[in-house]
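To find a chain, count down the sequence lines: A is the first, B the second, and so on, and within it residues start at 1. Everything quoted here is computed from the prediction, not taken from an experiment.
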Amino acid sequence: MSTSAAKELVPLRVTVNGEAHELEVEARLLLVELLREKFELTGTHIGCDTSYCGACTVLLNGAPVKSCTVFAVQAHQSNILTVEGLAKGGELHPIQKAFAACHGLQCGYCTPGLLMASLSLLSKNPRPNDREIRKAISGNTCRCTGYQNIFKSIRMAAESMAQGKS
Amino acid sequence: MNIKQEYTVYTTSFRYLRASSLEQAGSVLAELGEDAKALAGGQSLIPLMKLRLSRPTTLVDLNFISGISGIREQAGRLAIGAMARHADIENSAVASKIPILHDCAAGIADVQVRNRGTIGGSLAEADPTGDWLPVLLTLACEVNCVGPAGKRTIPLPDLVKDAFTTDLRAGELLREVAVKAPPAKSGGAYIAFKRCAPVYASASAAVQLEMSDHDTCKEAHIYLGCVGLTPVRASQAELELNGKKISPKSIEAAAEAAMTAAEPASDMRGSSEYKRVLVRALVKRALEAALRRSRGEHVEVSHEYVGR
(Lines give C-alpha, C1' and ligand atoms only; values in the text may rest on other atoms or scores of the structure.)
Protein backbone atom coordinates (compact mmCIF):
# COMPACT_ATOMS: atom_id res chain seq x y z
CA MET A 1 0.00 0.00 0.00
CA SER A 2 1.29 3.43 -0.87
CA THR A 3 1.02 5.73 2.13
CA SER A 4 1.40 9.37 2.94
CA ALA A 5 1.44 11.31 6.18
CA ALA A 6 -0.59 14.50 6.52
CA LYS A 7 0.89 17.29 4.36
CA GLU A 8 3.13 14.75 2.70
CA LEU A 9 2.94 14.73 -1.05
CA VAL A 10 1.38 11.83 -2.93
CA PRO A 11 2.73 10.82 -6.36
CA LEU A 12 0.12 11.19 -9.11
CA ARG A 13 0.17 10.13 -12.75
CA VAL A 14 -2.70 11.51 -14.78
CA THR A 15 -3.48 12.24 -18.43
CA VAL A 16 -5.35 15.50 -19.04
CA ASN A 17 -6.70 16.30 -22.52
CA GLY A 18 -4.29 13.73 -23.97
CA GLU A 19 -1.22 15.05 -22.18
CA ALA A 20 0.47 12.80 -19.61
CA HIS A 21 1.57 14.36 -16.32
CA GLU A 22 3.60 13.06 -13.40
CA LEU A 23 3.59 15.15 -10.26
CA GLU A 24 3.16 15.14 -6.49
CA VAL A 25 0.18 16.66 -4.73
CA GLU A 26 -1.20 17.09 -1.25
CA ALA A 27 -3.81 14.40 -0.59
CA ARG A 28 -6.61 16.87 0.14
CA LEU A 29 -6.16 18.70 -3.17
CA LEU A 30 -9.43 18.47 -5.09
CA LEU A 31 -9.44 17.44 -8.73
CA VAL A 32 -10.94 20.78 -9.75
CA GLU A 33 -8.09 22.64 -8.03
CA LEU A 34 -5.51 20.41 -9.69
CA LEU A 35 -6.98 21.31 -13.07
CA ARG A 36 -7.37 25.02 -12.41
CA GLU A 37 -4.35 25.85 -10.28
CA LYS A 38 -1.70 23.36 -11.37
CA PHE A 39 -2.56 22.88 -15.02
CA GLU A 40 -4.09 26.36 -15.42
CA LEU A 41 -7.12 24.86 -17.12
CA THR A 42 -9.51 27.44 -15.75
CA GLY A 43 -12.31 26.53 -18.14
CA THR A 44 -13.55 24.10 -15.49
CA HIS A 45 -15.46 26.30 -13.06
CA ILE A 46 -16.17 26.12 -9.35
CA GLY A 47 -19.77 27.10 -8.76
CA CYS A 48 -21.29 25.86 -5.53
CA ASP A 49 -18.35 23.75 -4.31
CA THR A 50 -20.88 21.40 -2.68
CA SER A 51 -21.47 18.80 -5.43
CA TYR A 52 -24.73 20.46 -6.48
CA CYS A 53 -24.32 22.76 -9.48
CA GLY A 54 -22.17 20.76 -11.92
CA ALA A 55 -20.10 23.72 -13.19
CA CYS A 56 -16.99 21.66 -12.34
CA THR A 57 -18.06 18.65 -14.45
CA VAL A 58 -15.20 16.90 -16.27
CA LEU A 59 -14.97 13.46 -17.84
CA LEU A 60 -12.97 10.98 -15.73
CA ASN A 61 -12.21 7.96 -17.90
CA GLY A 62 -15.13 9.05 -20.08
CA ALA A 63 -17.67 9.42 -17.26
CA PRO A 64 -18.88 12.85 -16.12
CA VAL A 65 -18.00 13.59 -12.49
CA LYS A 66 -18.14 16.67 -10.28
CA SER A 67 -14.46 17.50 -9.91
CA CYS A 68 -15.12 19.46 -6.68
CA THR A 69 -16.09 16.14 -5.08
CA VAL A 70 -13.15 13.98 -6.16
CA PHE A 71 -9.68 14.19 -4.64
CA ALA A 72 -6.97 14.62 -7.27
CA VAL A 73 -5.17 11.53 -5.93
CA GLN A 74 -8.24 9.47 -6.84
CA ALA A 75 -7.62 10.32 -10.50
CA HIS A 76 -4.28 8.45 -10.38
CA GLN A 77 -3.73 6.55 -13.65
CA SER A 78 -6.86 8.09 -15.17
CA ASN A 79 -7.75 10.03 -18.29
CA ILE A 80 -9.39 13.39 -17.78
CA LEU A 81 -11.11 15.47 -20.42
CA THR A 82 -11.92 19.11 -19.69
CA VAL A 83 -13.64 21.77 -21.79
CA GLU A 84 -10.21 22.82 -23.11
CA GLY A 85 -9.90 19.39 -24.73
CA LEU A 86 -13.03 19.76 -26.88
CA ALA A 87 -11.79 21.97 -29.74
CA LYS A 88 -9.46 20.32 -32.22
CA GLY A 89 -6.88 22.25 -34.27
CA GLY A 90 -8.50 25.58 -33.46
CA GLU A 91 -11.95 24.40 -34.52
CA LEU A 92 -14.71 24.23 -31.94
CA HIS A 93 -16.40 20.92 -31.17
CA PRO A 94 -19.89 20.52 -32.74
CA ILE A 95 -21.40 20.81 -29.24
CA GLN A 96 -19.62 24.13 -28.67
CA LYS A 97 -20.74 25.37 -32.10
CA ALA A 98 -24.32 24.39 -31.32
CA PHE A 99 -24.29 26.21 -27.96
CA ALA A 100 -22.99 29.32 -29.75
CA ALA A 101 -25.50 29.04 -32.60
CA CYS A 102 -28.52 28.45 -30.34
CA HIS A 103 -27.44 30.96 -27.70
CA GLY A 104 -27.34 28.10 -25.19
CA LEU A 105 -25.74 30.34 -22.59
CA GLN A 106 -26.02 33.76 -21.12
CA CYS A 107 -23.38 34.42 -18.46
CA GLY A 108 -21.54 31.24 -19.46
CA TYR A 109 -20.56 30.14 -15.97
CA CYS A 110 -22.33 26.77 -16.17
CA THR A 111 -21.39 26.19 -19.83
CA PRO A 112 -18.17 24.13 -19.44
CA GLY A 113 -20.00 21.66 -17.20
CA LEU A 114 -22.99 21.50 -19.52
CA LEU A 115 -20.73 20.91 -22.53
CA MET A 116 -19.05 17.97 -20.78
CA ALA A 117 -22.38 16.49 -19.61
CA SER A 118 -23.75 16.88 -23.15
CA LEU A 119 -20.69 15.22 -24.68
CA SER A 120 -21.11 12.23 -22.37
CA LEU A 121 -24.80 11.96 -23.26
CA LEU A 122 -24.30 12.22 -27.03
CA SER A 123 -21.40 9.78 -27.11
CA LYS A 124 -23.59 7.12 -25.47
CA ASN A 125 -26.93 8.14 -26.98
CA PRO A 126 -26.54 9.97 -30.32
CA ARG A 127 -30.27 10.73 -30.68
CA PRO A 128 -31.61 11.46 -27.19
CA ASN A 129 -35.23 12.48 -26.67
CA ASP A 130 -36.09 15.45 -24.47
CA ARG A 131 -36.57 13.28 -21.40
CA GLU A 132 -33.16 11.71 -21.87
CA ILE A 133 -31.57 15.15 -22.31
CA ARG A 134 -33.32 16.37 -19.17
CA LYS A 135 -32.03 13.42 -17.16
CA ALA A 136 -28.47 13.80 -18.49
CA ILE A 137 -28.20 17.48 -17.53
CA SER A 138 -30.20 17.31 -14.29
CA GLY A 139 -26.90 17.62 -12.38
CA ASN A 140 -26.05 20.91 -14.10
CA THR A 141 -27.62 24.11 -12.86
CA CYS A 142 -28.05 27.16 -15.09
CA ARG A 143 -29.40 30.29 -13.42
CA CYS A 144 -29.75 32.38 -16.62
CA THR A 145 -31.29 30.56 -19.53
CA GLY A 146 -34.24 28.59 -18.21
CA TYR A 147 -32.68 25.68 -20.15
CA GLN A 148 -34.78 26.10 -23.33
CA ASN A 149 -31.84 27.17 -25.47
CA ILE A 150 -29.63 24.56 -23.85
CA PHE A 151 -32.08 21.91 -25.06
CA LYS A 152 -32.04 23.46 -28.52
CA SER A 153 -28.23 23.41 -28.50
CA ILE A 154 -28.03 19.74 -27.51
CA ARG A 155 -30.61 18.79 -30.14
CA MET A 156 -28.67 20.70 -32.79
CA ALA A 157 -25.38 19.13 -31.66
CA ALA A 158 -26.96 15.68 -31.93
CA GLU A 159 -28.07 16.49 -35.48
CA SER A 160 -24.71 17.78 -36.63
CA MET A 161 -22.75 14.99 -34.93
CA ALA A 162 -25.05 12.36 -36.46
CA GLN A 163 -24.49 13.88 -39.88
CA GLY A 164 -20.77 13.76 -39.21
CA LYS A 165 -20.33 17.43 -39.92
CA SER A 166 -19.37 20.20 -37.60
CA MET B 1 1.65 21.00 -5.03
CA ASN B 2 0.57 22.69 -1.83
CA ILE B 3 -2.84 24.03 -0.98
CA LYS B 4 -3.17 27.78 -1.29
CA GLN B 5 -3.98 29.33 2.04
CA GLU B 6 -6.78 31.53 0.70
CA TYR B 7 -9.02 28.57 -0.04
CA THR B 8 -11.81 28.36 2.48
CA VAL B 9 -13.81 25.35 1.33
CA TYR B 10 -11.22 22.75 2.07
CA THR B 11 -10.86 19.57 4.06
CA THR B 12 -8.45 19.29 6.94
CA SER B 13 -5.15 17.58 6.13
CA PHE B 14 -5.17 13.81 6.20
CA ARG B 15 -2.89 10.88 5.60
CA TYR B 16 -3.83 9.05 2.40
CA LEU B 17 -3.51 5.31 1.97
CA ARG B 18 -4.27 3.69 -1.37
CA ALA B 19 -5.39 0.20 -0.33
CA SER B 20 -4.74 -2.77 -2.60
CA SER B 21 -7.10 -5.16 -0.81
CA LEU B 22 -10.07 -4.96 1.55
CA GLU B 23 -8.15 -7.02 4.12
CA GLN B 24 -5.30 -4.54 4.08
CA ALA B 25 -7.69 -1.57 4.28
CA GLY B 26 -9.53 -3.23 7.18
CA SER B 27 -6.41 -3.87 9.23
CA VAL B 28 -5.32 -0.21 8.90
CA LEU B 29 -8.81 1.04 9.80
CA ALA B 30 -8.97 -1.30 12.81
CA GLU B 31 -5.57 -0.13 14.01
CA LEU B 32 -6.30 3.58 13.66
CA GLY B 33 -9.84 3.49 15.03
CA GLU B 34 -12.25 6.38 14.64
CA ASP B 35 -9.65 8.84 13.31
CA ALA B 36 -9.51 6.88 10.05
CA LYS B 37 -12.23 6.53 7.44
CA ALA B 38 -12.68 4.40 4.36
CA LEU B 39 -13.13 6.36 1.12
CA ALA B 40 -15.55 4.66 -1.29
CA GLY B 41 -17.31 6.90 -3.84
CA GLY B 42 -16.84 9.93 -1.62
CA GLN B 43 -20.07 11.62 -2.65
CA SER B 44 -21.21 12.04 0.96
CA LEU B 45 -17.85 11.92 2.74
CA ILE B 46 -16.02 14.52 0.64
CA PRO B 47 -18.76 17.19 1.01
CA LEU B 48 -18.86 16.46 4.78
CA MET B 49 -15.08 16.82 4.96
CA LYS B 50 -15.20 20.07 3.00
CA LEU B 51 -17.69 21.42 5.54
CA ARG B 52 -15.35 20.04 8.23
CA LEU B 53 -18.21 18.13 9.77
CA SER B 54 -15.95 15.12 9.24
CA ARG B 55 -12.25 15.47 10.00
CA PRO B 56 -10.56 12.09 9.57
CA THR B 57 -6.79 12.14 10.01
CA THR B 58 -6.40 9.18 7.65
CA LEU B 59 -8.36 8.21 4.55
CA VAL B 60 -8.09 4.66 3.24
CA ASP B 61 -9.01 4.75 -0.45
CA LEU B 62 -10.90 1.64 -1.59
CA ASN B 63 -11.13 2.78 -5.24
CA PHE B 64 -7.97 1.01 -6.39
CA ILE B 65 -8.93 -2.44 -5.07
CA SER B 66 -9.76 -4.77 -7.95
CA GLY B 67 -12.55 -7.33 -8.03
CA ILE B 68 -15.05 -5.64 -5.71
CA SER B 69 -17.23 -3.73 -8.17
CA GLY B 70 -18.63 -6.46 -10.41
CA ILE B 71 -22.32 -7.37 -10.73
CA ARG B 72 -23.08 -11.01 -11.42
CA GLU B 73 -25.86 -13.53 -11.28
CA GLN B 74 -25.30 -16.91 -9.72
CA ALA B 75 -27.65 -19.62 -8.48
CA GLY B 76 -30.74 -17.43 -8.20
CA ARG B 77 -28.82 -14.63 -6.51
CA LEU B 78 -27.54 -11.32 -7.68
CA ALA B 79 -24.14 -10.45 -6.24
CA ILE B 80 -23.26 -6.76 -6.38
CA GLY B 81 -19.71 -5.77 -5.46
CA ALA B 82 -19.64 -3.16 -2.71
CA MET B 83 -17.73 -0.72 -4.92
CA ALA B 84 -20.25 -1.00 -7.79
CA ARG B 85 -21.24 2.57 -8.66
CA HIS B 86 -24.91 3.50 -8.83
CA ALA B 87 -24.39 4.03 -12.59
CA ASP B 88 -22.98 0.48 -12.95
CA ILE B 89 -26.17 -0.89 -11.39
CA GLU B 90 -28.37 1.46 -13.46
CA ASN B 91 -26.74 0.15 -16.65
CA SER B 92 -26.54 -3.52 -15.63
CA ALA B 93 -28.82 -5.88 -17.56
CA VAL B 94 -28.68 -8.53 -14.82
CA ALA B 95 -29.47 -6.04 -12.05
CA SER B 96 -32.38 -4.64 -14.05
CA LYS B 97 -34.06 -8.05 -13.95
CA ILE B 98 -35.08 -6.94 -10.46
CA PRO B 99 -36.84 -3.72 -11.50
CA ILE B 100 -36.80 -2.05 -8.09
CA LEU B 101 -32.98 -2.04 -8.22
CA HIS B 102 -33.06 -0.10 -11.48
CA ASP B 103 -35.71 2.32 -10.11
CA CYS B 104 -33.32 3.16 -7.31
CA ALA B 105 -29.98 3.20 -9.15
CA ALA B 106 -31.25 5.32 -12.05
CA GLY B 107 -32.61 8.10 -9.85
CA ILE B 108 -30.01 8.65 -7.15
CA ALA B 109 -28.84 12.29 -7.34
CA ASP B 110 -27.59 13.03 -10.86
CA VAL B 111 -25.44 11.31 -13.48
CA GLN B 112 -22.20 12.75 -12.10
CA VAL B 113 -22.88 11.51 -8.57
CA ARG B 114 -24.09 8.12 -9.83
CA ASN B 115 -20.77 7.72 -11.64
CA ARG B 116 -18.90 7.95 -8.32
CA GLY B 117 -21.20 6.90 -5.49
CA THR B 118 -21.24 3.22 -4.53
CA ILE B 119 -23.85 0.84 -3.13
CA GLY B 120 -21.46 -0.26 -0.37
CA GLY B 121 -20.74 3.31 0.65
CA SER B 122 -24.44 4.08 0.78
CA LEU B 123 -25.24 1.08 2.99
CA ALA B 124 -22.27 1.61 5.32
CA GLU B 125 -23.14 5.28 5.77
CA ALA B 126 -26.73 4.39 6.78
CA ASP B 127 -27.98 7.90 6.12
CA PRO B 128 -31.72 8.01 6.97
CA THR B 129 -32.29 9.74 3.62
CA GLY B 130 -30.30 7.15 1.66
CA ASP B 131 -32.04 5.25 -1.13
CA TRP B 132 -30.54 1.77 -1.09
CA LEU B 133 -31.55 0.67 2.41
CA PRO B 134 -35.36 0.86 2.04
CA VAL B 135 -35.10 -0.70 -1.44
CA LEU B 136 -32.93 -3.65 -0.42
CA LEU B 137 -34.91 -4.26 2.78
CA THR B 138 -37.96 -5.21 0.67
CA LEU B 139 -35.89 -8.06 -0.82
CA ALA B 140 -34.15 -11.06 0.74
CA CYS B 141 -30.73 -9.44 1.03
CA GLU B 142 -27.56 -9.98 2.99
CA VAL B 143 -24.18 -8.29 2.96
CA ASN B 144 -20.87 -10.15 2.90
CA CYS B 145 -18.21 -8.38 4.94
CA VAL B 146 -14.55 -8.85 5.59
CA GLY B 147 -12.68 -7.64 8.65
CA PRO B 148 -9.80 -8.34 11.01
CA ALA B 149 -11.76 -11.24 12.57
CA GLY B 150 -12.46 -12.75 9.16
CA LYS B 151 -15.49 -12.99 6.92
CA ARG B 152 -19.03 -12.40 8.12
CA THR B 153 -22.44 -12.44 6.46
CA ILE B 154 -25.01 -10.03 7.90
CA PRO B 155 -28.71 -10.22 7.00
CA LEU B 156 -29.55 -6.69 5.85
CA PRO B 157 -32.16 -6.04 8.58
CA ASP B 158 -29.38 -6.59 11.16
CA LEU B 159 -26.92 -4.21 9.50
CA VAL B 160 -28.49 -0.89 10.43
CA LYS B 161 -28.71 -0.04 14.12
CA ASP B 162 -29.56 3.65 14.05
CA ALA B 163 -29.12 6.76 11.94
CA PHE B 164 -25.57 6.67 10.53
CA THR B 165 -24.85 3.62 12.69
CA THR B 166 -24.30 0.04 11.51
CA ASP B 167 -23.35 -3.28 13.03
CA LEU B 168 -19.98 -3.14 11.25
CA ARG B 169 -17.05 -3.57 13.65
CA ALA B 170 -13.78 -1.66 13.60
CA GLY B 171 -12.03 -2.43 10.34
CA GLU B 172 -14.94 -4.42 8.96
CA LEU B 173 -15.84 -3.50 5.37
CA LEU B 174 -18.63 -4.52 3.00
CA ARG B 175 -17.42 -6.73 0.17
CA GLU B 176 -20.63 -7.73 -1.58
CA VAL B 177 -24.38 -7.19 -1.47
CA ALA B 178 -26.23 -10.44 -2.21
CA VAL B 179 -29.88 -10.26 -3.29
CA LYS B 180 -32.05 -13.32 -3.74
CA ALA B 181 -34.08 -13.13 -6.95
CA PRO B 182 -37.75 -12.56 -6.03
CA PRO B 183 -40.05 -15.55 -6.69
CA ALA B 184 -42.20 -15.74 -9.85
CA LYS B 185 -45.29 -13.47 -9.90
CA SER B 186 -43.42 -10.81 -7.95
CA GLY B 187 -43.31 -7.11 -8.66
CA GLY B 188 -41.58 -4.28 -6.90
CA ALA B 189 -41.19 -0.54 -7.28
CA TYR B 190 -39.33 2.34 -5.65
CA ILE B 191 -40.42 5.95 -5.85
CA ALA B 192 -38.61 8.77 -4.06
CA PHE B 193 -39.72 12.37 -4.20
CA LYS B 194 -37.14 15.15 -4.21
CA ARG B 195 -37.12 18.86 -4.96
CA CYS B 196 -34.62 18.51 -7.81
CA ALA B 197 -32.13 15.91 -9.04
CA PRO B 198 -28.98 16.51 -6.95
CA VAL B 199 -30.66 16.73 -3.51
CA TYR B 200 -31.70 14.12 -0.96
CA ALA B 201 -35.29 12.87 -1.13
CA SER B 202 -38.07 14.28 1.05
CA ALA B 203 -39.67 10.85 1.35
CA SER B 204 -39.53 7.53 -0.45
CA ALA B 205 -41.49 4.28 -0.70
CA ALA B 206 -40.13 0.85 -1.59
CA VAL B 207 -42.60 -1.99 -2.13
CA GLN B 208 -42.24 -5.58 -3.21
CA LEU B 209 -45.33 -7.73 -3.83
CA GLU B 210 -45.28 -11.49 -4.08
CA MET B 211 -48.57 -12.52 -5.69
CA SER B 212 -50.24 -15.94 -5.52
CA ASP B 213 -52.37 -15.19 -8.56
CA HIS B 214 -53.33 -12.27 -10.80
CA ASP B 215 -55.11 -10.37 -8.00
CA THR B 216 -54.19 -11.98 -4.69
CA CYS B 217 -51.19 -10.87 -2.71
CA LYS B 218 -49.27 -13.60 -0.93
CA GLU B 219 -46.82 -11.32 0.81
CA ALA B 220 -46.14 -7.59 0.69
CA HIS B 221 -42.96 -5.86 1.82
CA ILE B 222 -43.17 -2.11 2.32
CA TYR B 223 -40.38 0.17 3.59
CA LEU B 224 -40.33 3.94 3.83
CA GLY B 225 -37.24 6.13 3.50
CA CYS B 226 -36.44 9.58 4.97
CA VAL B 227 -39.26 9.37 7.54
CA GLY B 228 -37.42 7.88 10.52
CA LEU B 229 -33.90 7.44 11.87
CA THR B 230 -33.71 4.16 9.93
CA PRO B 231 -35.98 2.88 7.14
CA VAL B 232 -39.49 2.40 8.53
CA ARG B 233 -41.19 -0.92 7.90
CA ALA B 234 -44.89 -0.27 7.25
CA SER B 235 -46.06 -3.52 8.89
CA GLN B 236 -49.72 -2.51 9.18
CA ALA B 237 -49.73 -1.56 5.50
CA GLU B 238 -48.34 -5.02 4.67
CA LEU B 239 -51.15 -6.62 6.70
CA GLU B 240 -53.70 -4.69 4.64
CA LEU B 241 -52.46 -6.62 1.61
CA ASN B 242 -51.13 -10.00 2.79
CA GLY B 243 -53.41 -12.84 1.64
CA LYS B 244 -55.91 -10.37 0.21
CA LYS B 245 -57.14 -9.33 -3.21
CA ILE B 246 -55.39 -6.19 -4.33
CA SER B 247 -57.90 -3.54 -5.29
CA PRO B 248 -57.96 0.25 -5.38
CA LYS B 249 -59.57 0.01 -1.94
CA SER B 250 -56.90 -2.20 -0.36
CA ILE B 251 -54.15 -0.09 -1.95
CA GLU B 252 -55.79 2.99 -0.41
CA ALA B 253 -55.94 1.27 2.99
CA ALA B 254 -52.29 0.24 2.78
CA ALA B 255 -51.25 3.77 1.81
CA GLU B 256 -53.22 5.18 4.78
CA ALA B 257 -51.54 2.69 7.13
CA ALA B 258 -48.09 3.59 5.75
CA MET B 259 -48.81 7.25 6.38
CA THR B 260 -49.48 6.42 10.03
CA ALA B 261 -46.26 4.39 10.30
CA ALA B 262 -44.11 7.26 9.02
CA GLU B 263 -42.36 9.35 11.68
CA PRO B 264 -40.94 12.22 9.65
CA ALA B 265 -39.18 15.21 11.11
CA SER B 266 -39.91 18.69 9.80
CA ASP B 267 -36.90 20.12 8.01
CA MET B 268 -35.93 22.04 4.89
CA ARG B 269 -37.32 19.19 2.79
CA GLY B 270 -40.83 19.67 4.15
CA SER B 271 -42.96 19.67 7.27
CA SER B 272 -43.77 16.37 8.94
CA GLU B 273 -47.44 16.75 7.87
CA TYR B 274 -46.37 17.29 4.27
CA LYS B 275 -44.08 14.26 4.32
CA ARG B 276 -46.83 12.03 5.71
CA VAL B 277 -49.12 13.00 2.84
CA LEU B 278 -46.23 12.44 0.47
CA VAL B 279 -45.71 8.94 1.89
CA ARG B 280 -49.37 8.07 1.26
CA ALA B 281 -49.12 9.16 -2.38
CA LEU B 282 -45.77 7.43 -2.96
CA VAL B 283 -46.90 4.13 -1.42
CA LYS B 284 -50.07 4.18 -3.52
CA ARG B 285 -48.17 4.81 -6.74
CA ALA B 286 -45.45 2.30 -5.92
CA LEU B 287 -48.06 -0.39 -5.14
CA GLU B 288 -49.86 0.28 -8.42
CA ALA B 289 -46.59 0.00 -10.37
CA ALA B 290 -45.51 -3.13 -8.46
CA LEU B 291 -48.86 -4.82 -9.13
CA ARG B 292 -48.64 -4.13 -12.86
CA ARG B 293 -45.07 -5.39 -12.93
CA SER B 294 -46.10 -8.60 -11.13
CA ARG B 295 -48.37 -9.20 -14.14
CA GLY B 296 -45.46 -8.81 -16.55
CA GLU B 297 -46.20 -5.24 -17.61
CA HIS B 298 -43.32 -2.87 -18.27
CA VAL B 299 -43.74 0.18 -16.05
CA GLU B 300 -41.17 2.94 -15.65
CA VAL B 301 -40.86 4.56 -12.25
CA SER B 302 -37.97 6.21 -10.43
CA HIS B 303 -37.24 9.29 -8.38
CA GLU B 304 -39.63 12.12 -9.07
CA TYR B 305 -38.72 15.78 -9.06
CA VAL B 306 -39.74 19.01 -10.70
CA GLY B 307 -38.65 19.15 -14.32
CA ARG B 308 -37.96 15.45 -14.61
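- At a threshold of 4.5 Å between non-hydrogen side-chain atoms, the residues A/Glu8 and B/Arg15 do not count as touching.
- Using a cutoff of 4.0 Å between basic side-chain nitrogens and carboxylate oxygens, B/Glu300 and A/Lys135 are not scored as salt-bridged.
- Contacts between A/Phe71 and chain B at a heavy-atom distance below 4.5 Å involve backbone atoms as well as side-chain atoms.
- Nearest approach of A/Val73 to B/Arg18, heavy atoms of both residues: O-NH2, 2.9 Å.
- Put simply, the side chain of A/Ser138 does not reach to within 4.5 Å of the side chain of B/Val111, judged on heavy atoms.
- The two residues B/Arg116 and A/Val70 come nearest to each other via the heavy atoms NE-CG2, 3.9 Å.
- Comment: B/Asp110 engages A/Lys66 in a salt bridge, judged by a side-chain N to carboxylate O separation of less than 4.0 angstrom.
- Shortest non-hydrogen contact noted between B/Tyr10 and A/Glu33 is OH-CG, 3.4 Å.
- By number of non-hydrogen pairs under 4.5 angstrom with chain A, the leading residue of B/Asp61, B/Thr58, B/Asn63 is B/Asp61.
- Of the atoms belonging to A/Thr69, heavy atoms from both backbone and side chain fall under 4.5 Å from chain B.
- Between A/Arg28 and B/Met49, the closest side-chain pair of non-hydrogen atoms is not below 4.5 Å.
- At least one donor-acceptor pair under 3.5 Å links the side chain of B/Lys50 to the backbone N or O of A/Asp49.
- Between the side chain of B/Asn115 and the main chain of A/Ala63, no donor-acceptor pair closer than 3.5 Å is present.
- Using a 4.5 Å cut-off between heavy atoms, B/Ala106 contacts chain A through both its backbone and its side chain.
- The minimum heavy-atom distance linking B/Ser13 with A/Glu26 is given by the pair OG-OE2, 3.5 Å.
- B/Glu297 CD: more than 12 foreign heavy atoms inside a 6.0 Å radius.
- Note on B/Leu39, B/Ile46, B/Leu45: by heavy-atom pairs under 4.5 Å with chain A, the leading option is B/Ile46.
- Here the side chains of A/Ser51 and B/Gln112 are not in contact, with every heavy-atom distance at 4.5 Å or above.
- Of the two parts of A/Cys68, the backbone and the side chain both hold a non-hydrogen atom closer than 4.5 Å to a non-hydrogen atom of chain B.
- Taking CD of A/Gln74 as the start and OH of B/Tyr16 as the end, the distance is 6.0 Å to the nearest 0.5 Å.
- At a threshold of 4.5 Å between non-hydrogen side-chain atoms, the residues A/Tyr52 and B/Pro47 do not count as touching.
- For A/Leu12, no part lies under 4.5 angstrom from a heavy atom of chain B.
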